[in-house]
Amino acid sequence: MFRDKFWLSLIMTLPVVFWSVHIQNLLGYQAPEFAGSAWIPPVLGTIIFFYGGWVFIQGAMREIKALLPGMMTLISLAITVAFVFSWVVELNLIEAEALWWELATLVTIMLLGHWIEMKSVVQAHGALQELAKLLPDTAVRITDQEEEEIPVNELKVGDIVMVRPGANIPADGVIEKGKSDVNEAMITGESAPVKKKQGDEVIAGTNNGEGSLRIKVTSTGEETKLSGIMRLVSEAQSSKSRAQNLADRAAQLLTGVAVLAGVLTLIVWQFLGMPIDFTIVRVVTVLVIACPHALGLAIPLVVAISTTLGAMGGLLVRDRLGLEEARNLNTVIFDKTGTLTLGEFRVVAMSTDEGITEEEVLRLASGVEAESEHPIARGIVKTARERGISIPTAGQFQAIKGKGVTATIDGVEYQMGGPNLLDEESAEIPPALQEVSEEAAKRGQAAIYLLNNGAPIAVFAVADAVRQESREAVSALHERGIEVAMLTGDARAVAEAVAGELGIDTVFAEVLPEDKASKVKELQALGKKVAMVGDGVNDAPALATADIGIAIGAGTDVAVEAGHIVLIRSDPRDIPRIITLSRATYGKMLQNLWWAAGYNVFAIPLAAGVLAAWGILLTPALGAVLMSASTVIVAINAQLLRRLEL
């Protein structure tokens, strides 16, 4: 709309300027004269006022109705004063020079400025449009009879869909058949494709690699993770930060200053005996140059860009105040299970008897445990798979109640179990296994033994494995001068072991779920700015109590709803990235506020004519150019935030 109005107003402005007496005298040329040529400026100027300027007058009406006069009010006041004054001159009610060319150029330049502003805002909000494009229009549904291509909005939970190589996944679901590498970069920020196989979850909008997948739909439409991400991004971009409230107050104050400066300009120049047309030009220029246009753009544009930047990097901002406060953090509390750790058992240490390799005993152990449903057994099997070890087929599998399991591999009988199994077999722990066994006991970890014909040949320390990313996260926070604490319901020995491995400063162990929020308050009472990172239902009160609640995206819906910021990737390394984004965003906000408001200290007196004695005077059009230039500078400065590396 601003673009269309600008071009048409520009076409009409050119003849207004060309036939303006003032411009002819200034440039020393004579415009062609013919019947009615004298009416070109007033007629086209009037059309420009109503066609191009009416949008500003409508905006002013809304501002005044809301008792929040601002940018639109000042623009409307300036063009209305110029319009009314020019017709008073045309009707010979006073003797002066009409301001048609000033009015026409002012409206045209203001339309251009708004067009540039809106284009910047649309680009900043483009992430939502890009996210929307991720979802395909159609899906291939598999029925008993055939494959059928249907619109995505007709998919239902339970449907089976075929996703061919290179296609985007149409709905959240679970892989029923096939394996492939799936590109989740636009959703999670993870650049490397993720290997997916039968039983793995997939997200709507992600891109399938070279394999063909059959997927059972679990969520559609507004219930998908993609829709949830879009909703959070939209809410964050529309929410106001403290800096935005400051900008709003500054804009209102600047409006009052501009009106007061305009009135003083009128009084002073008339008191000095200057012609009324000269005085009106000064007043109009003051009103134009002081428009809080850049202030209106300074913060929203940074908000939109930073929120988009965060979303593209796997950081979803639910509450703008949370991101803004992150720059002040000096303490981060992590929930242990599922946040710093995988929330699943893994082999964290092992030792073998002489003459047998770790790879071989892990192969044998995973084969023995393959049919067991016990969490520790599943952890041993997963460790073997993650290390690329082929799991052998075991025979004669049998569970020994309360003690372990037994099975044969390659015709040889093996047993797996803990201390109770050793007692049952009256087995002695060999010296080679003693150290790992004792260390596991100190750390509160489970020591599981592999026995061959009743003799231990290996021991595995099995525990909730620490995420590899957690070490980097804690180190990065320490580099930023931030203290790291851990909160867990686990035994102190387990908690201290994890804390020691990661270099965590403070440990809260054996904490009941209902007491987690009180631990956050303890640190806040010491004057600390606290962020809480968690993923479970029992973390929700602590997330809500903390200055900033950061929810792991793979966690429960309750935890996600309680957080100010959501980590889509469940990667603790994203915590330092939040702080980086917060500090950069706040810096851009302050830069834009200083530029948007600060230039008026020099611009308003210049517009009022304080340098008139030296022949330096600004026209309303030049004032509009300077005001628009400040807006463009603010927009460009905000766009530079896109270069930030998280």
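Residues: numbered from 1 along the sequence shown.
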Side-chain donor-acceptor distances from residues 469-477 under 3.5 Å, at least two apart:
{"from": "S470", "atom 1": "OG", "to": "L340", "atom 2": "O", "distance (Å)": "2.7"}
{"from": "R471", "atom 1": "NH2", "to": "E501", "atom 2": "OE2", "distance (Å)": "2.2"}
{"from": "E472", "atom 1": "OE1", "to": "R573", "atom 2": "NH1", "distance (Å)": "3.3"}

Partners meeting side chain to side chain donor-acceptor pair (under 3.5 Å) with S437 (sequence neighbours left out): Y449

Does any pair with a residue in residues 376-396 pass salt bridge (charged side-chain N to carboxylate O under 4.0 Å, His left out), and if so which ones, sequence neighbours excluded? E344-K382, R346-E386

Are K516 and F508 side-chain neighbours, meaning at least one heavy-atom pair lies under 4.5 Å? no

With E413 as reference, evaluate N452, N453, T408, T406 under the side chain to side chain donor-acceptor pair (under 3.5 Å) test and give the passing residue. T406

For Q398, which residues count as a side chain to side chain donor-acceptor pair (under 3.5 Å) partner, sequence neighbours excluded? none

Residues which pass salt bridge (charged side-chain N to carboxylate O under 4.0 Å, His left out) with E425, listed by chain and number, not counting sequence neighbours: none

Just to verify, which of N207, N208, N183 counts as forming a side chain to side chain donor-acceptor pair (under 3.5 Å) with N168? N207

Validation row: I409, V368 side chains within 4.5 angstrom (heavy atoms): yes

Can a salt bridge be assigned to the pair K528 and D547 using a cut-off of 4.0 Å between side-chain N and carboxylate O? no

Those residues at least two apart in sequence (or on a different chain) that pass side chain to side chain donor-acceptor pair (under 3.5 Å) with T580 are R480

My understanding is that only residues two or more places apart in sequence, or in another chain, count here; which of them pass salt bridge (charged side-chain N to carboxylate O under 4.0 Å, His left out) with K196? E184

The criterion is side-chain contact (heavy atoms from CB on, under 4.5 Å); which residues satisfy it with A546, sequence neighbours excluded? V520, M532

Who passes side-chain contact (heavy atoms from CB on, under 4.5 Å) against E424, sequence neighbours left out? K403

Can you give me the closest heavy-atom contact between D353 and P456, atom names plus distance? OD2-O, 4.1 Å

E510 with R492: basic N within carboxylate O range, under 4.0 Å: no

So which pairs with a foot in residues 162-177 pass salt bridge (charged side-chain N to carboxylate O under 4.0 Å, His left out), sequence neighbours left out? E147-R164

Set of side-chain contact (heavy atoms from CB on, under 4.5 Å) partners for T138, sequence neighbours left out: E149

Excluding sequence neighbours, so at least two apart, what forms side-chain contact (heavy atoms from CB on, under 4.5 Å) with A377? E369, S372, H374

Any Lys/Arg nitrogen of K156 or D159 sitting under 4.0 Å from an Asp/Glu carboxylate oxygen of the other? no

